[in-house]
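One structure below.
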There are 2 protein chains.
Amino acid sequence: MQSPYHHPPYHRLTEFVPLSAEEMSVASRWLTDRRRLWRGKAIRHEGEAVNGVFFLLEGWVGSSLLLRDGRRQIAKVHLPGDMLGFPSLALSHAGETLEALTDVTVCSLPNAAIGRIFEELPRLALGLFLSTQRERVALMQKLSWVGATSAIERLSAFLLDLHHRLEAAGLTESGSFDLPITQQQLGELLGLSTVHINRTFKSLDETGFIARCRGRLKIDDFEGLRRLAATSPPEFAGTAAWTRLRGSETFRKGTQ
Amino acid sequence: MQSPYHHPPYHRLTEFVPLSAEEMSVASRWLTDRRRLWRGKAIRHEGEAVNGVFFLLEGWVGSSLLLRDGRRQIAKVHLPGDMLGFPSLALSHAGETLEALTDVTVCSLPNAAIGRIFEELPRLALGLFLSTQRERVALMQKLSWVGATSAIERLSAFLLDLHHRLEAAGLTESGSFDLPITQQQLGELLGLSTVHINRTFKSLDETGFIARCRGRLKIDDFEGLRRLAATSPPEFAGTAAWTRLRGSETFRKGTQ
DNA sequence: CGGGCTATTGAAGTTGATCAATAACGGTGG
DNA sequence: CCACCGTTATTGATCAACTTCAATAGCCCG
């Protein structure tokens, strides 16, 4: 897990496609334009012109949508290694605010580079494509939590998912991890009020499923949480996706 | 709107990229393998192996996720011209059930063809990519409805969105359109109970915002509905996205 | 004319929101 | 090191939206 091959920006790509040296070298160029931002700052506001996408190197970022009356929905918490801002590529003005939930380091990739990747590095393009499809799956799952489950089920599912993703990034220690977001933000993430998040947390705490201390959370009973959580994480295709996509199908350029 | 250029499967691609004759001819090949399905039948069940994606030619399709206890969330209603099943490309087993909400005609495109498109028809690939990013935006918006708005706001937003999309497909008549889905399905779509959907409908009806008759719905007061719906539809980039993506950025193959 | 599904309505029950107050925490400057 | 401040967490009490249960009515179809 600690080879550079598994760090951003390769991270999200090599899960689906093997990269050549050339491709990796292009990808590593993406890291040159870095930016540091403090907690609470926006990488990009909803409604601003779309100039590029971002890679998150350190810290947590929330992507959120604003409603007219000020309510807010956080669509996703992005963790180190994630790619940010792709949905807005289809829009003239960004459809989501990208806000630093902790101090963060991001690097950005201009729109034009995406176009070039599609033209010249198809495998990289496919990696990006599949990676964003996977995000779409995650988003559908979250919708199903918010639309069809109770507060305790939602929170359980979220904590399990979060742990799972943090673990993949090497940011957990035997079931415990930093949770540097406020209960307010957790509420906006799960579609619940601050107060109810607090009570739900308390209930998980008292049942012994989790333990909280400072900004740190430890999952004590994974099985218990999983029983609550109503969905299991989907099984990603891994590089099998790539294999599947390059099956034996006949398809010849120019004659189709 | 009635030129073949605006029919599936071009429909969802030409919104973002101009297609060459060659590209259109490849795309038109996708139509060869058609399938008709009756209302209620599944095009593909959640958990099945992922063999391809689909284009919806006629009818409505719902993509839904199942929770352990039998509750169901419909992530999206797909209309004629839409592309189905892309999220599951990242999975080894489908993450969503694709169910015919009416009698439908679909055609399918095997996984392998997607891989070839990325290798050989980059502009087509980019069109697919952007189109799925736009779906992701729509999904985020829906999440914000379900997570942060009341029943009447949700239903209003949904009806407006639906009308908007049906209009683009030429399936409306001065504000009225067929609504061939049950209130049960509408509930699963918006995260509300059947009973509450019914009451919310009734309230919109009595206020004079809409009128219902058989399976048909007419929007009588767009402004009123828009005031209720807490979000406005995002502005898509259109082919500007493509232009933006091919900007003046320096990026030379092989030297990066 | 039935039979099955869908829509509608009423009544009662729950979950979660809102309002409001207090406590704990984290960082600051003295 | 301590007093202070703003932010966040916690708790109680009340309220509202939505769900559930249950029954009836309407529609579509053979």
Side-chain angles (χ1 to χ4, degrees), chain A residues 38-41 60 62 67 69-74 99-103 145-156 158 178-206 210-217 228 230, chain B residues 38-41 60 62 67 69-74 99-103 145-156 158 178-206 210-217 228 230:
Chain A
W38 289 340
R39 173 175 180 215
K41 296 296 172 198
W60 292 27
L67 304 191
D69 59 3
R71 280 168 301 180
R72 201 165 76 121
Q73 174 72 42
I74 301 183
E99 180 195 341
L101 300 174
T102 65
D103 297 350
W145 300 347
V146 172
T149 76
S150 69
I152 199 163
E153 291 170 304
R154 262 180 250 183
L155 186 54
S156 303
F158 172 71
D178 283 324
L179 188 66
I181 60 179
T182 67
Q183 293 184 0
Q184 160 104 48
Q185 289 162 337
L186 219 37
E188 291 168 339
L189 194 59
L190 299 178
L192 295 166
S193 69
T194 310
V195 175
H196 206 64
I197 287 283
N198 187 287
R199 294 205 162 105
T200 310
F201 248 139
K202 188 182 169 191
S203 124
L204 285 178
D205 214 332
E206 286 174 345
I210 64 169
R212 288 172 299 158
C213 177
R214 311 287 177 129
R216 211 160 166 85
L217 189 141
L228 279 179
Chain B
W38 290 338
R39 174 177 180 216
K41 296 295 172 199
W60 293 26
L67 304 190
D69 60 4
R71 280 169 300 181
R72 201 165 75 122
Q73 175 72 41
I74 301 184
E99 181 195 341
L101 300 174
T102 66
D103 296 352
W145 301 346
V146 173
T149 77
S150 69
I152 199 163
E153 293 170 303
R154 260 179 251 184
L155 186 54
S156 303
F158 173 70
D178 283 324
L179 187 66
I181 58 178
T182 68
Q183 294 185 0
Q184 160 102 48
Q185 288 162 339
L186 220 37
E188 290 168 340
L189 193 59
L190 300 178
L192 295 166
S193 68
T194 310
V195 174
H196 205 63
I197 286 283
N198 187 286
R199 296 204 162 105
T200 310
F201 247 140
K202 187 182 168 191
S203 124
L204 284 179
D205 214 331
E206 286 172 346
I210 63 169
R212 289 172 298 158
C213 178
R214 311 285 178 131
R216 212 160 165 88
L217 188 140
L228 278 179

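No experiment lies behind these values; they were computed from the predicted model shown.
Counting to the nearest Å, the P atom of D:dA17 and the CD atom of B:Glu153 are 11 Å from each other. As rounded to whole Å, 15 Å separates atom P of D:dT11 from atom CD1 of A:Ile197. To the nearest angstrom, P of D:dT19 lies 12 Å from CZ of B:Arg71. We find that CG of A:Leu217 is positioned 13 Å from P of D:dA9, with the value rounded to whole Å. Rounding to whole angstrom units, CG of residue A:Asp205 and P of D:dT10 are separated by 8 Å. One can place CD1 of B:Ile181 at 19 Å from P of C:dC5, the figure rounded to the nearest angstrom. Put simply, CZ on B:Arg212 is 12 Å from P on D:dC27, counting in whole angstrom units. To the nearest angstrom, P of C:dG16 lies 16 Å from CD of A:Gln183.
Between the two ends of the helix from C:dC1-D:dG30 to C:dG30-D:dC1, each summarised by a five-pair axis, the helix axis turns through 40° (rounded to 10 degrees).
Of all heavy-atom pairs between B:Gln184 and B:Thr194, the closest is CA-OG1, 3.8 Å. Contact between A:Leu192 and A:His196 at its shortest, heavy atoms only, is CD2-CD2, 4.3 Å.
Under 3.5 Å, the side chain of A:Arg214 and the base of C:dG26 form no donor-acceptor pair of N or O atoms.
Where A:Gly215 and B:Arg199 meet DNA chain C, the nucleotide closest to each residue was compared, and B:Arg199 sits on the side nearer the 5' end.
A donor-acceptor distance shorter than 3.5 angstrom exists from the side chain of B:Asp69 to the backbone of B:Arg71, with no hydrogens or angles considered. The backbone N or O of B:Ile152 sits less than 3.5 Å from a side-chain atom of B:Ser156, completing a donor-acceptor pair. Put simply, the side chain of A:Gln73 gets close to the backbone of A:Glu188: a donor and an acceptor are under 3.5 Å apart. With hydrogens and angles disregarded, a donor-acceptor distance shorter than 3.5 Å links the side chain of A:Gln185 to the backbone of A:Thr182.
Within residues 184-196 of chain B, the residues that have a heavy atom under 4.0 Å from DNA chain D are, in order of number, B:Gly191, B:Leu192, B:Ser193, B:Val195, B:His196.
Regarding contacts with the backbone of C:dT9, a side-chain N or O of B:Lys202 is found under 4.0 angstrom from either OP1 or OP2. Contact annotation: B:Arg39 does not reach the phosphate of D:dC28 (side-chain N/O to OP1 or OP2, under 4.0 Å). The phosphate of D:dA17 has neither OP1 nor OP2 within less than 4.0 Å of any side-chain N or O from B:Arg154. OP1 or OP2 of C:dA7 has not a single side-chain nitrogen or oxygen of B:Asn198 nearer than 4.0 Å.
Under the 4.5 Å side-chain criterion, counting only non-hydrogen atoms from C-beta, A:Thr102 is not in contact with A:Asp178.
Around atom CZ of A:Arg39, no more than 12 heavy atoms belonging to other residues, nucleotides or ligands sit under 6.0 Å away.
In this structure, the separation between CZ on B:Arg154 and CD1 on B:Ile197 is 8.5 Å, given to the nearest 0.5 Å.
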